[in-house]
Enquirer: 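Got a structure for you, written out below as structure tokens; questions coming shortly.
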There are 2 protein chains.
Amino acid sequence: MLAAREPVTLRALVEGTGASTMAVYTHFGGMPGLWSAVRQEGFTRLAARLAAVPRTDDAVHDLAALGVAYARSALEHPELYRAMFDARADLADEAAADAAFDRLVDAAARAREEGRLDPGTDPRTLATQVWAAGHGLVSLVVQGVLPAEVLAPLATGTTAALLTAAGDDAGRCRASVERAWAAG
Amino acid sequence: MLAAREPVTLRALVEGTGASTMAVYTHFGGMPGLWSAVRQEGFTRLAARLAAVPRTDDAVHDLAALGVAYARSALEHPELYRAMFDARADLADEAAADAAFDRLVDAAARAREEGRLDPGTDPRTLATQVWAAGHGLVSLVVQGVLPAEVLAPLATGTTAALLTAAGDDAGRCRASVERAWAAG
DNA sequence: GCTGAACCATAGCGTTGCTATGGCATGATG
DNA sequence: CATCATGCCATAGCAACGCTATGGTTCAGC
């Protein structure tokens with residue numbers, strides 16, 4: 001189900017780089033600091049990736065496109081994604097993670113303003129639901145529990161279901177979401 | 001965001017038990033074998049917990065009740081849940097995990113047979129979507145990213161959205177799902 | 001040219017998972 | 001009853017781990 005990986009050791013990392021183990025301590029503050037830096041880099045890249053998703057006049061499509069970018073980013077660097085959600089180190093600065101999440105909230109808010117969603121819809125709640133569902137799917141795929149082929153259809157269906165439940169028209173919603181996955 | 005935990009060491013485990021480190025090797029085959037046994041135990045308990053959820057004449061309610069049992073099981077033993085989806089060890093026997101998942105598939109299939117869902121609905125696909133979304137929510141809660149209070153409302157909404165998208169009546173679906181969460 | 005700070009290579013400490021070895025039970029066999 | 005074989009565990013020790021102490025090197029500023 002899950003494959004065991006050889007551990008990342010400090011000595012193995014510096015081997016061949018010409019540097020000694022001490023450099024890791026002066027620059028990152030030991031192994032926990034290195035893990036924090038890796039996680040930070042992961043969230044920074046993710047935020048940059050989501051920030052590059054253009055805003056169109058179809059906010060539902062944009063919300064799905066953010067999900068596509070999220071999934072692509074995770075599948076291109078599975079180890080980085082695993083490290084981002086590994087609890088071996090703290091995350092010093094949550095600004096990058098918050099920035100990434102705010103993109104989702106913004107898309108949900110715009111979808112509501114466009115009249116696609118019920119006026120009573122809370123953008124943060126909807127964004128959290130989309131994120132959690134996408135995170136679950138991506139995690140299972142990255143861990144090898146689910147095959148990668150099922151990600152797109154399952155994510156499409158779940159995203160469309162959540163947005164339709166939030167008030168969007170079923171057919172129009174599905175079209176927007178599928179267009180995002182086809183473009184990504 | 002995520003809290004660093006002190007590592008589980010072999011010597012610390014046997015300390016105070018009167019046993020030596022050697023017993024771990026004769027019984028479990030070292031540290032990887034111990035992790036595998038822990039994961040196995042986790043999935044076995046989860047399967048037993050889901051098997052104890054009674055089948056009623058409302059399969060949609062049963063599907064949601066399985067999700068409630070899943071979440072309760074994870075939140076009562078967060079470390080065990082983390083270990084179950086930690087990739088540090090292989091899972092020798094997937095029978096328990098499959099049995100747990102089959103309960104979800106069974107509930108989805110019964111909901112379709114009851115006429116609650118579209119005839120074209122694939123029970124496995126729906127079960128996978130529900131599982132992945134629930135796993136994402138539970139994982140984020142267990143890791144401390146999301147507060148525990150939001151689990152029930154978010155899970156309720158996501159489950160109802162998926163089942164409604166699969167063809168169930170929105171109001172009736174929501175009532176069944178909320179009843180499951182209220183009972184759990 | 002001198003000084004001070006920043007940086008890193010080396011050596012070593014305590015701890016980790018793991019293995020080799022020997023002692024101690026228990027049970028079958030003659 | 002004596003003997004041997006087998007399974008199990010405590011002890012000791014090994015290689016490797018993360019980490020720290022220390023001393024050497026480099027380079028800017030006066």
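So you know, we letter chains A, B, ... as the sequences are listed, proteins then strands, and number each from 1. Just so it is clear, the values below take in all heavy atoms, side chains as well, and ignore hydrogens, waters and symmetry mates.
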Enquirer: For His135(A) and Phe85(A), take the angle between the two ring planes, folded into 0 to 90°, and tell me which bin it lands in: parallel under 30, tilted 30 to 60, perpendicular over 60.
Expert: tilted

Enquirer: Checking all strands, does Val24(A) fall into the base, sugar-phosphate, or nothing category for heavy-atom contacts under 4.0 angstrom?
Expert: nothing

Enquirer: Under a 4.0 Å threshold between the charged nitrogen and the carboxylate oxygen, would Glu178(B) count as salt-bridged to Arg174(B)?
Expert: yes

Enquirer: Do Glu76(A) and Arg49(A) meet the salt-bridge criterion of a basic N to acidic O distance under 4.0 Å?
Expert: yes

Enquirer: Heavy atoms under 4.0 Å, any strand shown: does Val8(A) hit a base, just sugar-phosphate, or nothing?
Expert: sugar-phosphate

Enquirer: Can you tell me the distance, in whole Å, between the CD atom of Glu15(B) and the P atom of dA10(D)?
Expert: 14 Å

Enquirer: Measure the distance from CG on Leu10(A) to P on dA15(D) and round it to the nearest whole Å.
Expert: 20 Å

Enquirer: Could you tell me whether Arg55(B) and Asp62(B) make a salt bridge, using a distance below 4.0 angstrom between a side-chain N and a carboxylate O?
Expert: no

Enquirer: Check the distance between dG17(C)'s P and Phe28(B)'s CZ and give it to me in whole angstrom.
Expert: 15 Å

Enquirer: Rounded to whole Å, please give me the gap between CZ in Arg11(B) and P in dT11(D).
Expert: 13 Å

Enquirer: What integer distance in Å separates Trp35(B):CH2 from dG17(C):P?
Expert: 11 Å

Enquirer: Does CD in Glu41(B) sit with more than 12 non-hydrogen atoms of other residues, nucleotides or ligands closer than 6.0 Å?
Expert: yes

Enquirer: Would you list the protein and nucleotides 5-9 of chain C atom pairs, both N or O, that sit under 3.5 Å from each other?
Expert:
residue	atom	partner	partner atom	Å
dC8(C)	OP1	His27(A)	NE2	3.1
dC8(C)	OP2	Thr26(A)	OG1	2.8
dC8(C)	OP2	His27(A)	NE2	3.3
dA9(C)	OP1	Gly18(A)	O	3.4
dA9(C)	OP2	Ser20(A)	N	2.6
dA9(C)	OP2	Ser20(A)	OG	2.4

Enquirer: What is the distance from CG of Leu13(A) to P of dA16(D), rounded to the nearest Å?
Expert: 16 Å

Enquirer: Side chains of Arg82(B) and Ser139(B) only: does a donor on one sit below 3.5 Å from an acceptor on the other?
Expert: no

Enquirer: Nearest whole Å is fine: how far is dT15(C) C1' from Met31(A) CE?
Expert: 16 Å

